[in-house]
Amino acid sequence: MLVADEHATTELDPPALAAAIAAREHEAPEPPRWVWSDTARWYPDLLAAGVRVERCHDLRLVDQLLAGVDGRPTDPRLARAVEPTRLPLAAPQADALFEVEPADATPVVPADGARDAGQREPAPLVDVAAAQRADLARERGPGLPTPRDLALLAAAESAGALAAVEMHHVGLPWSAEHHDALLTELLGPRPASLGARPERLQALATEVEHRLDAASGTVPLDSPPELVRALRRAGLDVSSSRSWELKRLDHPAIEPLLRYKKLSRLLTANGWHWLEQNVRDGRFRPSYVPGGVVTGRWGSDGGGALQLPKLVRSAVRADPGWVLVVADAAQLEPRILAALSNDAAMARAGAGVDLYQGIVDSGAVASREHAKLGMLGAMYGGTTGQSARVLPRLQRVFPQAIRFVEDAARAGERGERVRTRLGRTSPQPSEEWHERQLVAASDGASEAQRAAARSEARSWGRFTRNFVVQGTAAEWALSWMAGVRRRLWSPSGGPLASQPHLAYFLHDELIVHAPRERAGDVELALRAAAADAGRLLFGDSPVGFPITVAVVERYSDAK
DNA sequence: ATTCAGCGCGCC
DNA sequence: AGGGCGCGCTGAAT
């Protein structure tokens with residue numbers, strides 16, 4: 001293992017680090033768990049050097065996690081701003097979940113060529129690692145996360161970080177040629193001059209102007225506030241230019257306007273410019289940010305990896321002789337809710353592959369659409385429309401599940417924190433939030449203050465309501481992905497890109513890029529890992545987590 | 001000239 | 001007015 005702190009003069013260049021890690025990566029019975037400050041900082045160079053790491057412990061991600069659990073600030077020693085340029089720490093730990101005290105507790109094991117560095121005073125990050133180990137092992141008491149669950153979450157989070165770097169490294173196969181053809185078909189040829197409208201878009205703009213009896217070039221289609229004013233001048237009663245609001249209007253200009261907005265969106269978000277910026281050598285390399293969202297979901301950083309419109313997915317094409325194995329967890333969030341709440345009736349409704357259809361068959365609601373709307377409303381805190389109308393029926397049939405989300409909402413409204421299955425903890429509402437709640441509850445509060453505070457409390461309640469479900473779904477997805485990743489990799493299979501590998505992740509969906517003859521293995525791996533994830537989170541709960549799997553050449557051909 | 005909030009919409 | 005995001009654009013603020 002290798003240590004260099006800010007005083008050390010020995011610098012491990014990426015090749016030396018890669019060699020040191022590669023030498024120990026295939027140890028039996030289990031490969032080491034490398035401990036380092038930041039997977040995103042160190043792993044790309046290793047992959048570039050051809051070294052694939054099986055397991056790691058990401059100090060920054062776990063610190064972020066534990067800080068949330070214990071309501072303390074994150075460790076400043078792990079702030080990105082102070083990231084040393086030299087290797088901070090890479091300690092192999094043999095214990096699977098990082099909570100077992102190793103025989104040799106000192107995490108300093110000099111590797112060849114790094115003895116000088118290793119024998120120095122331990123770097124601060126070694127202390128961070130030791131503190132984290134103790135933190136993970138701490139019994140927090142009833143109702144609080146257990147060492148087992150937090151260790152599992154730390155491992156899943158870290159595995160996700162590895163997968164994220166690997167997916168960026170390998171990339172999603174993307175045909176720029178087909179993307180361009182798609183754009184040309186929908187928008188017209190790419191304009192020669194920057195900023196000019198493609199001809200199909202211009203034709204729609206002209207049509208809108210014509211139908212509004214406006215002069216050419218006078219309707220500002222790309223500026224929402226001005227567009228609203230223009231529409232109002234034309235006698236249309238609109239308060240915004242949102243599509244769903246425009247859809248309600250009966251006016252000949254609306255149809256081309258909506259088509260314009262749709263295509264304009266395609267052009268600006270995923271048009272030629274995006275293609276040039278984000279697709280190289282037949283690959284789109286998603287930039288994921290593990291732990292980037294409070295709920296534990298991943299975020300993305302440039303490229304919009306988590307917002308790929310369905311419209312452009314036909315450009316995602318497997319290499320010749322290869323396929324995309326596209327897997328999707330079926331109705332993940334309601335299933336998560338059923339398992340979290342131990343709702344036996346909902347578990348029965350989910351016995352088949354389609355939980356929403358199961359709800360219909362239970363007699364709770366009349367249609368699959370109602371079941372879906374109602375469940376989404378229950379998990380998001382919807383209070384109006386169709387979803388609110390269906391809710392009472394769901395409540396009668398699935399009282400335990402509905403009570404679970406209601407409890408989470410009430411806790412949030414009181415300013416309490418809530419937790420996911422593995423212990424990720426929601427943030428505390430701001431000081432100001434608490435302050436306004438207190439003021440509103442006092443005698444001198446105005447009616448307006450009370451109403452505002454009530455609304456704010458409800459809003460936070462909707463957040464905590466959703467947090468438990470979305471956050472636990474994220475945990476399931478991480479566990480799933482980690483299991484798939486572990487099953488796919490073979491040390492004898494050559495470089496990552498030459499064997500079946502994860503290529504894309506989207507909250508409850510995975511794409512594996514694989515040689516066609518391996519598609520069967522991959523499907524088995526995906527299904528086995530999904531079953532494992534359910535057991536890891538919920539033990540012997542009757543709730544299943546079926547996935548749909550499609551073996552396709554184009555992403556758009558899945559489901 | 002640059003930064004920022006709000007809008008609108010893409011994904012789950 | 002239902003939760004979580006990212007991103008490009010606009011127009012106002014700096």
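Below, each value reflects all heavy atoms present in this structure, side chains not excepted, and no hydrogens, waters or symmetry copies.
Spacing between atom CH2 of Trp244(A) and atom P of dG8(B) amounts to 10 Å, rounded to whole angstrom units. Between the P atom of dG6(C) and the CH2 atom of Trp274(A) lies a distance of 17 Å, rounded to the nearest Å. Atom pair Tyr288(A):OH and dG6(C):P shows a separation of 14 Å (rounding to whole Å applied). When the C1' atom of dG2(C) is taken as reference, atom CH2 of Trp460(A) falls 16 Å away, rounded to whole Å. The separation between His273(A) atom NE2 and dC7(C) atom P is 12 Å, rounded to whole Å. Protein atom CD of Gln470(A) is 7 Å distant from nucleotide atom P of dC5(C), rounded to whole Å. Counting to the nearest Å, the P atom of dG10(B) and the NZ atom of Lys261(A) are 9 Å from each other. Regarding Leu246(A), its CG atom lies at a distance of 9 Å from the P atom of dG8(B), rounded to whole Å.
Put simply, Ser243(A) has a side-chain N or O that comes within less than 4.0 Å of OP1 or OP2 on dC9(B). Of the side-chain N and O atoms in Arg462(A), one or more sit less than 4.0 angstrom from OP1 or OP2 of dG3(C). Distances shown here put a side-chain N or O of Thr383(A) below 4.0 Å from the OP1 or OP2 atom of dG2(C). Note on Ser223(A): a side-chain N or O is less than 4.0 Å away from OP1 or OP2 of dG11(C). Put simply, Lys310(A) has a side-chain N or O that comes within less than 4.0 Å of OP1 or OP2 on dC12(B). Neither OP1 nor OP2 of dG4(C) sits under 4.0 Å from any side-chain N or O of Thr295(A).
Within 4.0 Å (heavy atoms only), Gly302(A) reaches sugar-phosphate atoms of the nucleic acid but no base atom. Using a 4.0 Å heavy-atom distance criterion, Leu311(A) is classed as making no nucleic acid contact. Using a 4.0 Å heavy-atom cutoff across all strands shown, Glu226(A) reaches sugar-phosphate atoms only and no base atom. Among the protein residues, Asn270(A) comes within range of no part of the nucleic acid, since none of its heavy atoms lies under 4.0 Å from any strand. Using a 4.0 Å heavy-atom cutoff across all strands shown, Arg242(A) reaches sugar-phosphate atoms only and no base atom. Among the heavy atoms of the strands lying under 4.0 Å from Thr384(A) are primed sugar atoms or P, OP1, OP2 only; no base atom is included. Val294(A) comes within contact range of the sugar-phosphate backbone alone, with a heavy-atom separation under 4.0 Å but no base atom that close. Residue contacts shown for Arg458(A) are absent, as no nucleic acid heavy atom lies under 4.0 Å away. Residue-level contact check: Gly303(A) touches the backbone only, with heavy atoms under 4.0 Å from sugar-phosphate atoms and none from bases. Among the protein residues, Gly304(A) comes within range of the sugar-phosphate backbone only, with heavy atoms under 4.0 Å from sugar or phosphate atoms but none that close to a base.
Of the candidates dC5(C), dG3(C), dG11(C), the closest approach to any side-chain atom of Val293(A) belongs to dC5(C). In the set dG11(C), dC12(B), dA1(C), dC12(B) carries the atom at the smallest distance from any side-chain atom of Asp508(A). Minimum atom distance to the side chain of Gln307(A) is reached by dG6(C), of the listed dC12(B), dC7(B), dG6(C).
Nucleotides dG6(B) and dA1(C), compared at atom C1', are 16 Å apart to the nearest Å.
Annotation: His434(A), atom NE2; neighbour count of heavy atoms from other residues, nucleotides and ligands within 6.0 Å is above 12. Within 6.0 Å of the CD atom in Glu416(A), the count of heavy atoms belonging to other residues, nucleotides or ligands exceeds 12.
A donor atom on one side chain and an acceptor atom on the other are found under 3.5 Å apart for Thr206(A) and Gln202(A).
The aromatic rings of Tyr555(A) and Tyr504(A) sit perpendicular, their planes meeting at an angle over 60°, well past the 30° parallel limit. The aromatic rings of Phe467(A) and Phe463(A) stand perpendicular to each other, their planes meeting at an angle above 60°, with 30° marking the opposite boundary. The aromatic rings of Trp174(A) and Phe284(A) stand perpendicular to each other, their planes meeting at an angle above 60°, with 30° marking the opposite boundary.
For dC9(B), the base has a donor-acceptor partner in the side chain of Arg265(A) [N/O atoms by modelled type, under 3.5 angstrom].
For the pair Tyr288(A) and Ala164(A), the tightest heavy-atom approach, listed with the atom from each and the gap, is CB-CB, 3.9 Å.
Centre separation under 5.5 Å together with a plane angle under 30° holds for the ring of Tyr380(A) and the six-membered base ring of dG3(C), marking them as stacked.
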